[in-house]
Amino acid sequence: MHDIKAIRENPAEYDALWAKRGLEPQSKRILDQDKLIRKAMQVVQEAEAARNKSSKLIGQAMAKGDKEEAERLKTEVAGAKNVIAAMGAQVDSEKGQLQKLLSELPNVPFEDVPEGEDEDSNVELHTWGEPTKLGFEPKDHADLGEALGMMDFETAAKMSGSRFVVLSGLLSRLDRALAAFMLDIQTGEHGYVEHTPPFLVWDKALYGTGQLPKFEEDLYKTTADHYLIPTAEVSLTNIVRETIVASETLPRRMTAHTPCFRSEAGSAGRDTTGMIRQHQFNKVELVSIVKPEDSEAEHKRMLGCAEEVLKRLELPYRVVELCTGDLGFGARRTFDIEVWLPSQDTYREISSCSNCGDFQARRMNARYKFAEKDNRFVHTLNGSGLAVGRTLVAVLENYQNEDGSITVPKALVPYMGGIEVISA
RNA sequence: GGAGACGUGGCCGAGUGGUCGAAGGCGCUCCCCUGCUAAGGGAGUAUGGGUCAAAAGCCCAUCGAGGGUUCGAAUCCCUUCGUCUCCGCCA
């Protein structure tokens, strides 16, 4: 959500930043609408003031027993009520339109975010490790998992259709081990507090984080009007919705290991096989609630927290900064971490860390005490630390042996009960 | 799922149609008094919005949320969310 006051004051600045995301200038129609509303509101408020005043006089007249005066005043009020009803309806409708305009406009990028139309303009910031050299033809994770007899897409399809999987045995355990490993790092070393939040949320929670109203088709909705979370970012960030947090509790760092549900509407044909793109996957999510002045530093810190997991697992990766055209709806800046996948001979996204500024905070009315009588919007950040499913994919592919077995990364052996190799 | 009770300002709590944005208490802020301690006295203390160059002022809205009845709603009605009690069911 955007600050209408800020747009009033700097319309050109907003237009320039939106232009970087490929949007037409928006501020003129926003401000026109804003003017329209305020003008109509004045009329309504004057009528309301007149009604209130006359109503009080009616009360006094009744008390005195002056029925005639009371009746005369009632007709006066009736006139005011007509104005209130007619103009009030107009105000509501105009406000709705402005609200729709504002709620569907994406966040503005920071000034120094690289400009570009699409992912081709993303900027590589750094790499870690060397792309894995196997010395034999690498298999992809699906082939490896199926050969091990621990990854079954067909069985999943029988009950749930495409883009689902049944893991079993040691791969199932690997999934659990990875999640526990990640949580231990983020909670034990990076100060994130573990949470177990709802996986089903209302529309207003999704509106708060920005998935709604624009991206409803990406979500699963229950018959009871709940949505399945597409990421724990929704649940964790909404923890501070409609609250004024004490400033000494900031930064507030939260993590959660949850399933994520995505309809993947519009991605038909992409990553159709394997575990890369599923309707359901597990993720360890990181969310930070911070003061505005701390958000850029916190963003870098969060990126480091996510990177640390890959370093411990000794999985090669690179970090890219998304260009303006590739930014998500709520983000002012985003760093993606991409892990090396031998079967695809390329890096694939495994984490995305975004600074949303006060965009989500405004939408969910999350503030902190800046000073006595001055509550300001917090900044919110979220990042994967990491996507568990894709990490499992990366482990399988990078740690595969020629015979199809998988060496367990050293850091993970304790989490696997001492097992060092996964084989059929 | 059935029956019932409740939801008021930072907190507690009064308020069943008018002069209530809301008594009282606690807390907090400022001032006074008191040579310590304890206590006492006074004033102030919600949020969002409109108007204004700005402030003051004025005005509008807000008593969980949304709608309705009424000249007028914290108070009456409906819907909804939440909390609590009892019963039922259940991992």
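Reminder, nothing fancy here: chain letters follow the sequence lines and each chain counts from 1.
With a cut-off of 3.5 Å on both Watson-Crick or G-U wobble distances, the partner of B/A14 is given as none. Both distances falling under 3.5 Å, in either a Watson-Crick or a G-U wobble arrangement, place B/G27 opposite B/U45. Across all strands shown, B/A38 remains unpaired; no Watson-Crick or G-U wobble contact has both distances below 3.5 Å. The nucleotide B/C84 finds its pairing partner in B/G4, both defining distances of the Watson-Crick or G-U wobble pair being shorter than 3.5 Å. The partner of B/G9, taking Watson-Crick or G-U wobble pairs whose two distances both stay under 3.5 Å, does not exist in any strand shown. Using the Watson-Crick or G-U wobble rule with both distances under 3.5 Å, B/A65 pairs with B/U79. Of the nucleotides present, none pairs with B/A74 by Watson-Crick or G-U wobble criteria with both distances under 3.5 Å. Nucleotide B/G21 has no partner under the Watson-Crick or G-U criteria, as no pair reaches both atom distances under 3.5 Å.
Considering only side-chain N and O atoms, A/R51 lies nowhere under 4.0 angstrom from the phosphate OP1 or OP2 of B/G18. The side chain of A/N52 places an N or O atom within less than 4.0 Å of a non-bridging phosphate oxygen (OP1 or OP2) of B/C60.
At least one donor-acceptor pair closer than 3.5 Å links the side chain of A/H279 to the backbone N or O of A/R262.
Comparing the same atom, C1', in B/C60 and in B/G4 gives a spacing of 39 Å after rounding to whole Å. Comparing the same atom, P, in B/U75 and in B/U16 gives a spacing of 12 Å after rounding to whole Å. The separation of B/A54 from B/U45, taken at their P atoms, amounts to 24 Å, rounded to a whole angstrom. Taking atom C1' in both B/A46 and B/U8, one finds a spacing of 12 Å when rounded to whole Å. Using P as the reference atom, B/A73 and B/G57 are 27 Å apart when rounded to the nearest Å. Here the separation of B/U37 from B/A43, taken at their C1' atoms, is 26 Å to the nearest Å. Distance noted for atom C1' between B/C63 and B/C12: 15 Å (whole Å). A distance of about 13 Å separates the P atoms of B/A55 and B/G49, rounded to the whole Å.
In this structure, the NZ atom of A/K56 is 14 Å from the C1' atom of B/A73, given to the nearest Å. Computed from coordinates, the A/E48 CD to B/U70 C1' distance equals 16 Å when rounded to whole Å. A/R38 has its CZ atom 12 Å from the C1' atom of B/C52, to the nearest Å. Atom CE in A/M41 sits about 12 Å away from atom P in B/C52, given to the nearest Å. The distance from atom CG of A/L98 to atom P of B/G50 is 12 Å, rounded to the nearest whole Å. Atoms NZ (A/K95) and C1' (B/C60) sit 10 Å apart, rounded to a whole Å. The NZ atom of A/K204 sits 11 Å away from the P atom of B/G66 (whole-angstrom rounding). If you measure from atom NZ of A/K74 to atom P of B/U70, you get 11 Å, rounded to the nearest angstrom.
Positionally, the nearest nucleotide of RNA chain B for A/V77 lies more toward the 5' end than for the other of A/W202 and A/V77. Nearest-nucleotide positions on RNA chain B for A/G59 and A/E46 put A/G59 closer to the 5' end.
Closest contact between the side chain of A/A49 and the listed nucleotides B/A61, B/C59, B/G50 involves B/C59. In the set B/C59, B/A61, B/G50, B/G50 carries the atom at the smallest distance from any side-chain atom of A/R8.
Residue A/I58 is classed as a base contact, given a heavy-atom separation below 4.0 Å to a base. Residue A/R362 is out of contact with every strand shown, counting any heavy-atom pair closer than 4.0 Å. Residue-level contact check: A/K5 touches the backbone only, with heavy atoms under 4.0 Å from sugar-phosphate atoms and none from bases. Note on A/R367: only backbone sugar-phosphate atoms sit closer than 4.0 angstrom, heavy atoms only; bases stay farther off.
Side-chain contact between A/L392 and A/L167 is present, with heavy atoms from C-beta onward closer than 4.5 Å.
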Inset, instruction - Go through the steps to decide whether A/T255 and A/Q186 satisfy the test side chain to side chain donor-acceptor pair (under 3.5 Å), and finish with yes or no. - result: CA-CA 7 Å; A/T255 186; A/Q186 307 305 0; over 6 Å; no
Inset, instruction - Test side-chain contact (heavy atoms from CB on, under 4.5 Å) on A/Y399 and A/E314 and set out the steps. - result: CA-CA 10 Å; A/Y399 281 88; A/E314 299 179 75; 3.4 Å; yes
Inset, instruction - Could you give me the CA-CA distance, side-chain angles and deciding distance for A/K283 and A/T231, then say whether side chain to side chain donor-acceptor pair (under 3.5 Å) is met? - result: CA-CA 8 Å; A/K283 182 155 59 71; A/T231 160; 2.8 Å; yes
Legend entry - Pair A/S121-A/D326, side chain to side chain donor-acceptor pair (under 3.5 Å): steps then yes or no: CA-CA 8 Å; A/S121 303; A/D326 204 22; over 6 Å; no
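In summary, of the residues considered (A/T258, A/T209, A/L219, A/L236), a side-chain contact (heavy atoms from CB on, under 4.5 Å) with A/I229 occurs for A/T258 alone.
Classification of A/E111 and A/K20 as a salt-bridged pair holds, one side-chain N sitting under 4.0 Å from a carboxylate O.
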